[in-house]
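This chain uses plain numbering: 1 for the first residue, then up along the sequence.
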Amino acid sequence: MSMAPKKAYMELIAGSVIFGMLGLFVDRLEAVPTLSLIFYKQFFGVLSLLVFIVIAGKISIIMPRRKKKYLLLLGIINTATLLTYFVCIRYTSFSVAILLLYTAPMYVTLLSPVTLKEPITRKGMVALALSLTGLLFIVDLQAAINGFSNGGTYVIGITAGILSGFIFGSEIMVIRYLKDDYSSVAQLFWYTLIGVVLLFPFGAKLSQPVLLDNLGMLVFFGVINTALAALLYVSGISQIKAQTGSILALIEPVSGIFFDYTILHTPLYLSTIIGCIFILLGASVAVLEKSHRKFGKLFRVQV
């Protein structure tokens, strides 16, 4: 194997592992309200991206051209994905949230016949069945029933997690539509910037003492988890076969669950492990589907 592929694999793995550390940042920033947290994550992330783009002399790649309204739509959908994802993390656990997010291929399979006029194939049905089975293992029905009598926080978290997977699936569809007009970096820049604009009122509402107490971690969160991880991921996966890259990208949920269990000491139940296996198998089948040959490069959207 040449040095270039080795570097690409290392970049992709590093980016996926950094993405998998998101739960650690959310835990450290517990004092920051969810919408304010997302704003500062995106704000410092887009500033870092802009610096990188200027230094690299690639301003031209982010200039808006065709399909501008779809760029706006992408920014809105990405912000909704982040919101539902973070709510699920805070009301359940990062392990549950990231697995529910990774049910996105299931929704892509369901939406493709309507939006992209792509028929559901046998492999697509297998991926759908595997993801749905995993979803049933992840959701603790007894906890959900009990949750209604305890403020319903678990129910809110699970509902948000399921929505995050569906919205993420919709986001993938928009990215697939824009891929011929905008590079991955350009799309990343614009949907992050649009998120900053949408969430500005919530960032401005954060009290000064809370902001100052958490500023260093917020900057680190934005630079590392929004900008650096995404740039490493895009650079790595662009040099690797799409199917191989897609499978390697599944390191993200695995590493996320590992950090959640070993560092945050979140209990890891057998049902979660079984659900993890089914959902990741479903995602693997989905990205190996021939009709989704480009899916690998598009599956990872910055969240």
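Using a 4.5 Å cut-off on side-chain heavy atoms (C-beta onward), Ile77 and Val174 make contact. Between Phe86 and Leu22, the closest side-chain pair of non-hydrogen atoms falls below 4.5 Å. At a threshold of 4.5 Å between non-hydrogen side-chain atoms, the residues Tyr102 and Glu252 count as touching. Using a 4.5 Å heavy-atom threshold, the side chains of Thr159 and Val87 count as separate. With a 4.5 Å cut-off on side-chain heavy atoms, Phe189 and Ile53 count as touching. You'll find the side chain of Leu215 reaches within 4.5 Å of the side chain of Phe44, heavy atoms only. In this structure, the side chains of Lys58 and Val185 stay at 4.5 Å or more apart for every pair of heavy atoms. Proximity of Tyr191 to Leu71: side-chain heavy atoms (C-beta onward) are nowhere separated by under 4.5 Å.
Members clustered with Ile194: Leu72, Ile76, Leu198, by chain and number, using a 4.5 Å side-chain heavy-atom cutoff among hydrophobic residues. With side-chain heavy atoms closer than 4.5 Å counting as contact, directly or through intermediates, the hydrophobic cluster containing Ile55 also holds Val51.
Judged by distance alone, the side chain of Thr226 and the main-chain N or O of Val223 form no donor-acceptor pair under 3.5 Å. With hydrogens and angles disregarded, no donor-acceptor distance shorter than 3.5 Å links the side chain of Ser235 to the backbone of Leu231. Judged by distance alone, with hydrogens and angles left aside, the side-chain atoms of Tyr182 form no donor-acceptor pair with the main-chain N or O of Ile175 at under 3.5 Å. Distance alone, capped at 3.5 Å, is enough to place a donor-acceptor pair between the Trp190 side chain and the Ile62 backbone.
Using cut-offs of 30° and 60° for the angle between ring planes, the Tyr40 and Phe43 rings count as perpendicular. Relative ring orientation between Phe221 and Phe25 is described as parallel, the plane-to-plane angle staying below 30° on a 0-90° scale split at 30° and 60°.
For residues 50-78, the ring pair (Phe, Tyr, Trp, His ring centres under 6.0 Å) pairs, not counting sequence neighbours, are Tyr70-Tyr177. Residues in residues 16-38 take part in no salt bridge (Lys or Arg N to Asp or Glu O under 4.0 Å) pair, two or more places apart or across chains. Applying the side chain to side chain donor-acceptor pair (under 3.5 Å) test to pairs two or more places apart or on separate chains, those with a residue in residues 261-272 are Asp260-Thr266.
Closest non-hydrogen pair, Gly45 versus Ala227, comes out as O-CB, 3.7 Å. Counting all heavy atoms, side chain and backbone alike, Glu171 lies closest to Leu74 at CG-CD1, 3.7 Å. For Gly195 against Thr79, the heavy-atom pair with the smallest separation is CA-OG1, 3.3 Å. Across all their heavy atoms, Leu264 and Gly23 have their closest contact at CD1-O, 3.8 Å. In terms of heavy atoms, Ala31 sits closest to Asn214 at CB-ND2, 4.3 Å. In plain terms, the two heavy atoms of Ser255 and Ser16 that are nearest each other are OG-O, 3.9 Å.
To the nearest 0.5 angstrom, Leu49 atom CG is 6.0 Å from Thr192 atom OG1. Between atom CZ of residue Phe19 and atom CD1 of residue Ile224 there is a gap of 11.5 Å, rounded to the nearest 0.5 Å. Summarising the geometry, atom CG belonging to Leu130 is positioned 12.5 Å from atom CG belonging to Leu135; distances are rounded to the nearest 0.5 Å. To the nearest 0.5 Å, atom CZ of residue Phe166 and atom OG1 of residue Thr81 are 10.5 Å apart. To the nearest 0.5 Å, the span separating CD1 on Ile279 from CG on Leu99 amounts to 5.0 Å. Note: Phe278 CZ to Leu136 CG = 10.0 Å, rounded to the nearest 0.5 Å.
Of the candidates Arg65, Lys67, Lys68, Lys67 is the only one forming a salt bridge (Lys or Arg N to Asp or Glu O under 4.0 Å) with Asp181.
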Requested in this report: Go through Ile162 and Thr103 one step at a time and tell me if the side chain to side chain contact (heavy atoms under 4.5 Å, CB included) criterion holds.
Outcome: CA-CA 8 Å; Ile162 293 172; Thr103 59; over 6 Å; no
Assess the residue pair Leu37 and Leu218 against the criterion (side chain to side chain contact (heavy atoms under 4.5 Å, CB included)); give the C-alpha distance rounded to whole Å, side-chain angles, the decisive distance to 0.1 Å, and a yes or no. CA-CA 8 Å; Leu37 175 59; Leu218 286 169; 3.7 Å; yes
Requested in this report: I would like to know whether Val32 and Lys41 meet side chain to side chain contact (heavy atoms under 4.5 Å, CB included); could you show each step before the answer?
Outcome: CA-CA 11 Å; Val32 183; Lys41 173 185 185 296; over 6 Å; no
**OP:** Assess whether side chain to side chain contact (heavy atoms under 4.5 Å, CB included) is satisfied between Leu82 and Gln42, documenting all intermediate values.
**Re:** CA-CA 10 Å; Leu82 285 169; Gln42 300 295 78; 3.4 Å; yes
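Criterion: ILVMFWY side-chain heavy atoms under 4.5 Å apart, direct or through other members. Under it, Leu50 and Val197 are not part of a common hydrophobic cluster.
Applying the 6.0 Å contact sphere to CE of Met10 captures no more than 12 heavy atoms from other residues, nucleotides or ligands. Annotation: Phe259, atom CZ; neighbour count of heavy atoms from other residues, nucleotides and ligands within 6.0 Å is above 12.
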Show which side-chain atoms of residues 201-212 pair as donor or acceptor with protein atoms under 3.5 Å away, not counting sequence neighbours.
none

